Engineer: 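Starting off with a structure, shown below.
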Amino acid sequence: MKSTPTALKILDAASALLIAAALALVFGYAPMERTMGLVQKVFYFHVSANWVGMLGFLVAAVAGGIYLAKGTPRWDVIEVAAVEIGLAFSLIGIVSGSIWARPIWNTWWTWDPRLVTVTVMELIYIAYFMLRSGIEDPDRRARYAAVYAIVGFLSVPLTFLSIRMFRSIHPVVITSSQAQLSPKMLQTFMFSLFAFSVLFVSLLWHRVRLGQLTAHIERLRLKLSE
Amino acid sequence: MSGDAPITSLWQATRAIAWKDLTAERRSRELLSAMLVFALLVILAFNFALDLDPKTRGSVASGVLWVTFIFAGTLGLNRSMATEKDRGCLDGLLLAPIDRSAIYFGKAIANLAFMLIVEAIVFPLYSVLYNVNLFLPGLLLTVVLGSVGYVAVGTLLSSMAVQARTRDMLLPILLFPVALPVLIAAVKASAGYLGGLPMEEIIPWLNLLGVYDVIFITVAFMVFDFIVEE
């Protein structure tokens with residue numbers, strides 16, 4: 001295994017710059033929201049974090065499908081990496097949402113469909129890691145994890161749908177017809193989304209490398225013990 | 001062992017596996033009695049935990065019933081795969097010259113049968129204990145749809161959990177978050193029937209249950225081979 005590839009180093013620098021630029025846009029460029037004030041600024045990174053969370057779980061489900069079809073260990077490593085990043089970013093989404101909700105909804109938490117769905121998603125992927133840690137045979141572990149990543153991901157839209165049939169109070173900022181944002185806000189928001197997506201790719205790459213190195217060490221250990 | 005009539009078709013193999021489980025259960029009655037006693041204990045616990053007086057009873061009845069069914073169902077799902085694994089029967093099943101999906105469908109049908117039997121006994125008991133009539137056709141349909149969805153995912157996940165070190169603990173942790181839509185839709189549909197709501201408020205929940213059943217039976221059918229592959 002070679003040292004960090006140049007492309008990854010460039011990507012790291014790019015994501016650091018982009019996140020810094022997104023922060024600057026959020027606080028310097030986007031206008032202050034009239035009724036909510038300063039706390040509305042959490043919105044840009046809140047939605048971006050949740051987007052990365054969903055992206056992580058989607059990538060994991062797709063990687064799981066490819067793993068089952070092909071059986072190459074590489075896809076298992078990608079799947080774990082994506083789930084880990086998804087878990088971390090969904091948690092960031094929940095926490096930042098709570099910070100916004102305290103002054104706006106006057107409560108840290110409410111049983112709204114989006115909130116519950118994200119929480120159930122966190123639970124599914126925590127269970128995913130418990131499943132992995134419970135199985136020793138690497139090949140079986142990878143197969144079971146892939147199956148669970150797919151089954152878990154498929155249940156998410158149904159969970160969301162079932163909870164949405166209750167009343168929802170979560171603001172819907174982006175609808176299919178139009179975004180309820182001023183142009184400057186929209187630009188900032190899109191930029192944040194982009195910055196977080198780049199960050200996601202960079203983190204995923206790092207985590208996949210880490211996973212491959214771990215597998216490499218395991219193989220070396222096995223050789224030593226033989 | 002004559003070997004002249006090998007079981008080939010998926011349906012025949014499925015039926016044979018389901019029949020094997022049901023026969024074993026008919027002779028031992030271990031699982032059903034455990035599920036049943038457990039279900040009654042859960043209802044008893046709810047009775048005191050929620051203080052089920054006549055007023056609150058109406059609003060929580062469907063929730064109490066479904067939590068009872070799901071807990072008792074987990075007991076059955078855990079057990080059905082564990083017996084195969086412990087006595088080495090799973091290897092025998094895998095060696096049989098049949099489609100692997102037959103193992104899944106056979107197991108799922110047996111699990112569904114156990115769950116429905118428990119429900120068929122809990123229903124009249126609950127009706128008598130709390131003086132409500134649960135025998136509404138729509139409610140029975142909801143119970144069947146909900147149980148099918150729960151067992152479809154449960155059988156798949158229990159055949160994974162049984163291979164893990166922490167298997168008894170693992171199944172509910174894997175199953176509950178994924179089966180949440182079943183629980184929500186089943187509770188809402190049942191509450192609708194019990195509360196005498198108009199059909200147009202219940203239909204969406206039944207649709208959701210139906211969609212869930214179809215999706216997860218299909219997925220389980222597609223991925224089960226990867227779980228038992230050696």
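Below, read A as the first sequence line, B as the second, and so on, with proteins coming before strands; counting in each chain starts at 1. Hydrogens, waters and symmetry mates are skipped; everything else that's a heavy atom, side chains included, is used. Quick caveat, the model's predicted, so the values are computed rather than measured.
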Engineer: Does CZ in Arg132(A) sit with more than 12 non-hydrogen atoms of other residues, nucleotides or ligands closer than 6.0 Å?
Structural biologist: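 Yes - once you tally the heavy atoms of other residues, nucleotides and ligands closer than 6.0 Å, there are more than 12.
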Engineer: Pick whichever of Asp225(B), Leu156(B), Ile173(B), Ile215(B) has the most heavy-atom pairs under 4.5 Å with chain A.
Structural biologist: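 That would be Ile173(B).
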Engineer: Given that the side chain runs from C-beta out, which part of Phe176(B) has a heavy atom under 4.5 Å from chain A: side chain, backbone, both or neither?
Structural biologist: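 Neither part; nothing is under 4.5 Å.
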Engineer: If you round to the nearest 0.5 Å, how far is CG of Leu209(B) from OG of Ser162(A)?
Structural biologist: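 So the gap between those two atoms works out to 9.5 Å.
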Engineer: Evaluate the side-chain proximity of Leu157(B) to Tyr148(A): yes if any heavy-atom separation is below 4.5 Å, no if none is.
Structural biologist: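 Yes. Closest side-chain heavy atoms under 4.5 Å.
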Engineer: Using heavy-atom distances under 4.5 Å, tell me whether Thr119(A) contacts chain B through its side chain, its backbone, both, or neither.
Structural biologist: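 Neither part; nothing is under 4.5 Å.
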Engineer: If you tally heavy-atom pairs under 4.5 Å against chain A, which of Leu180(B), Leu174(B), Val182(B), Thr166(B) wins?
Structural biologist: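 Ranked by contacts with chain A, first place is Leu174(B).
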Engineer: Picking from Ile135(A), Leu68(A), Ile126(A), Leu154(A), which has the most non-hydrogen pairs under 4.5 angstrom with chain B?
Structural biologist: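 Greatest number of close heavy-atom pairs with chain B: Leu68(A).
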Engineer: Heavy-atom pairs under 4.5 Å with chain A are the metric here; pick the option from Arg165(B), Met169(B), Arg167(B) that has the most.
Structural biologist: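 Answer, by heavy-atom pair count under 4.5 Å with chain A: Arg165(B).
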Engineer: On a heavy-atom basis, which atom in Val178(B) and which in Ser155(A) lie closest, and how many Å separate them?
Structural biologist: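 So the minimum-distance heavy-atom pair works out to O-CB, 3.7 Å.
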Engineer: Out of Val151(A), Leu123(A), Ile150(A), which one racks up the most heavy-atom pairs below 4.5 Å with chain B?
Structural biologist: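 Of the options given, most contacts go to Val151(A).
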Engineer: Out of Ser159(B), Pro181(B), Ala179(B), return the one with the most heavy atom pairs under 4.5 angstrom to chain A.
Structural biologist: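 Option with the greatest count: Pro181(B).
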Engineer: Does any backbone or side-chain atom of Val219(B) lie under 4.5 Å from a heavy atom of chain A? Answer side chain, backbone, both or neither.
Structural biologist: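 It is the side chain, since no backbone atom gets that close.
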Engineer: Evaluate whether atom CZ of Phe46(B) has more than 12 neighbouring non-hydrogen atoms of other residues, nucleotides or ligands under 6.0 angstrom away.
Structural biologist: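 Yes - once you tally the heavy atoms of other residues, nucleotides and ligands closer than 6.0 Å, there are more than 12.
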Engineer: Which pair of non-hydrogen atoms, one from Phe226(B) and one from Tyr144(A), has the smallest distance, and what is that distance?
Structural biologist: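 Minimum heavy-atom separation between Phe226(B) and Tyr144(A): O-CE1, 4.4 Å.
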Engineer: Would you find more than 12 non-hydrogen atoms of other residues, nucleotides or ligands less than 6.0 Å from Phe129(A) atom CZ?
Structural biologist: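 Count over threshold, so yes.
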